[in-house]
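Hydrogens, waters and symmetry mates are skipped; everything else that's a heavy atom, side chains included, is used.
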Amino acid sequence: MSADAVPSVSLRNVNFSWSSSAVPLFRGLDLDVTAGETCCLIGPNGSGKTTLLELILGWRRPTSGAVFSEGRPLERLPSRERGKTMALVPQEEHLPFSYSVLEYVLLGRAPYLPPLASPGVHDISLAEEALGGVGIADLSKRAVSELSGGERRLVLIARALLQKPRILLLDEPANHLDPANRERIIGILSDLKASGITLLMSSHEPDMVTRLADKVVLLYGKGPLQVGRADEMLVPRHLADLYGVKARIIEDKGRRIIVWGE
């Protein structure tokens, strides 16, 4: 990153605790994610991956310190402007109503519509384009509740992309998916990476991270973080420290495969 470039996301001296008496989950956290970079957060359950994404989104506020979006303090940005800049693909989302796939994806247009306004022809066209982009245009009239786990994840991605974000956050995007759907998600993210969008992704799958990440953040939980290039962080020593399980790396046809255990 050049000296005068403004990162897409910055955290400066961020501290976060669940309560005033709790041990801080994050202490003095500094992190820069460059525009167009893919940054992956990995760590065991409870290490703070989802919480860190929520801090970046502004859904949670740090106990102290500051979060910046494209150089601007996040707390000063109106929610609609945040919605045009950043979008989240959650692991799962509870739907209080019975939405069709198209109706649900159209929720991604909310930052661009006046209050109480209904989506118009242009919005519907963009939604159909987003569904086609993730390969599920034929599901537009299906109820979201009828979809498989892999199909639901693709719908979540389509909704997020309809916000036209410059920064896309994904919380365990391939969690609990079969190999075919995992490869499909990786392909979509590879295309988004090539398009120049900034990606921040949490993952339990180091193999997926090795294929996508430029930068990796190792979260140990209530302790110091380690940040570096993927080839520096995804090595047996760091992975064993992170998960408490021995790890080794196998090179296979240009891919680095992580093998756990002895």
J.: Find out whether K193 and D214 are in side-chain contact, i.e. whether some heavy atom of one side chain is under 4.5 Å from a heavy atom of the other.
T.: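 Yes - at least one pair of side-chain heavy atoms lies under 4.5 Å apart.
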J.: Not counting sequence neighbours, which residues clear salt bridge (charged side-chain N to carboxylate O under 4.0 Å, His left out) with D241? List them please.
T.: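 For D241 there are no salt bridge (charged side-chain N to carboxylate O under 4.0 Å, His left out) partners, ignoring immediate neighbours.
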J.: Does one side chain, of S64 or N15, offer a donor that lies under 3.5 Å from an acceptor on the other?
T.: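 Yes, because at least one side-chain N or O of S64 sits under 3.5 Å from a partner of the opposite role on N15.
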J.: Listing request: all salt bridge (Lys or Arg N to Asp or Glu O under 4.0 Å) pairs with a residue in residues 81-90, at least two apart in sequence or in separate chains.
T.: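 Non-adjacent pairs meeting salt bridge (Lys or Arg N to Asp or Glu O under 4.0 Å): R72-E81.
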J.: Does R182 reach the side chain of P173, with side-chain heavy atoms less than 4.5 Å apart?
T.: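 No. Closest side-chain heavy atoms not under 4.5 Å.
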J.: Can you establish whether the number of heavy atoms outside R61 located under 6.0 Å from its atom CZ is more than 12?
T.: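 No, CZ of R61 has 12 or fewer neighbouring heavy atoms, counting only those of other groups under 6.0 Å.
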J.: Output yes when a side-chain donor or acceptor of T34 lies under 3.5 Å from a complementary backbone atom of E37, and no otherwise.
T.: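 Looks like no, no N/O pair under 3.5 Å.
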J.: Answer yes or no: is there a donor N or O on one side and an acceptor on the other, between the side chain of E183 and the main chain of A180, under 3.5 Å?
T.: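 Checked: no pair found.
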J.: Restricting to pairs with a member in residues 162-180, which pass side chain to side chain donor-acceptor pair (under 3.5 Å), not counting sequence neighbours?
T.: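 Checked against side chain to side chain donor-acceptor pair (under 3.5 Å) - neighbours excluded - the pairs reaching residues 162-180 are T50-D171, E70-R166, T85-R166, Q91-N175, D171-S202, D178-N181.
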J.: Does any part of the side chain of I167, heavy atoms only, come nearer than 4.5 Å to the side chain of S69, both counted from C-beta?
T.: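 Yes, their side chains come closer than 4.5 Å.
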J.: Please step through salt bridge (Lys or Arg N to Asp or Glu O under 4.0 Å) for the pair D32 and K215, ending with a clear verdict.
T.: CA-CA 10 Å; D32 285 331; K215 177 178 291 180; over 6 Å; no
J.: Could you tell me which residues satisfy side chain to side chain donor-acceptor pair (under 3.5 Å) with Y112, sequence neighbours excluded, listed by chain and number?
T.: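 If we apply the side chain to side chain donor-acceptor pair (under 3.5 Å) test to Y112, skipping adjacent residues, there are no hits.
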J.: Within the structure provided, determine whether V101 and K141 are in side-chain contact (heavy-atom separation under 4.5 Å).
T.: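 No, their side chains stay 4.5 Å or more apart.
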J.: Check whether any side-chain heavy atom of V67 lies under 4.5 Å from a side-chain heavy atom of R12, and answer yes or no.
T.: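 No. Closest side-chain heavy atoms not under 4.5 Å.
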J.: Residues two or more places apart in sequence or in another chain: which of them pass ring pair (Phe, Tyr, Trp, His ring centres under 6.0 Å) with F16?
T.: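 In terms of ring pair (Phe, Tyr, Trp, His ring centres under 6.0 Å), with neighbours along the sequence ignored, F16 is linked to W18.
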J.: Under 3.5 Å, side chain of S47 to main-chain N/O of P44, donor-acceptor pair present?
T.: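 Side chain of S47 to backbone of P44: a pair is present.
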J.: Check whether any side-chain heavy atom of I42 lies under 4.5 Å from a side-chain heavy atom of L234, and answer yes or no.
T.: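 Yes. Closest side-chain heavy atoms under 4.5 Å.
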J.: Counting C-beta onward and ignoring hydrogens, is there a side-chain heavy-atom pair between L189 and T38 closer than 4.5 Å?
T.: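 The answer is no; the side chains never approach within 4.5 Å.
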J.: With sequence neighbours left out, what residues match D191 under salt bridge (charged side-chain N to carboxylate O under 4.0 Å, His left out)?
T.: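 Scan of D191 (salt bridge (charged side-chain N to carboxylate O under 4.0 Å, His left out), adjacent residues dropped) gives none.
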J.: Donor-acceptor pair, distance only, cut-off 3.5 Å: does the side chain of T63 make one with the backbone of S17?
T.: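 Answer holds: yes.
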J.: Please answer whether the main-chain N or O of N13 pairs with a side-chain N or O of R27 as donor and acceptor at a distance below 3.5 Å.
T.: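 No: the side chain of R27 does not pair with the backbone of N13.
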J.: If you look at every heavy atom in D123 and L106, which pair is closest and at what distance?
T.: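 Scanning both residues, the minimum pair turns out to be O-CD2, 3.5 Å.
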J.: Do the non-hydrogen side-chain atoms of L162 and L126 ever get within less than 4.5 Å of each other?
T.: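 The answer is yes, as the side chains (C-beta and beyond) meet within the 4.5 Å cut-off.
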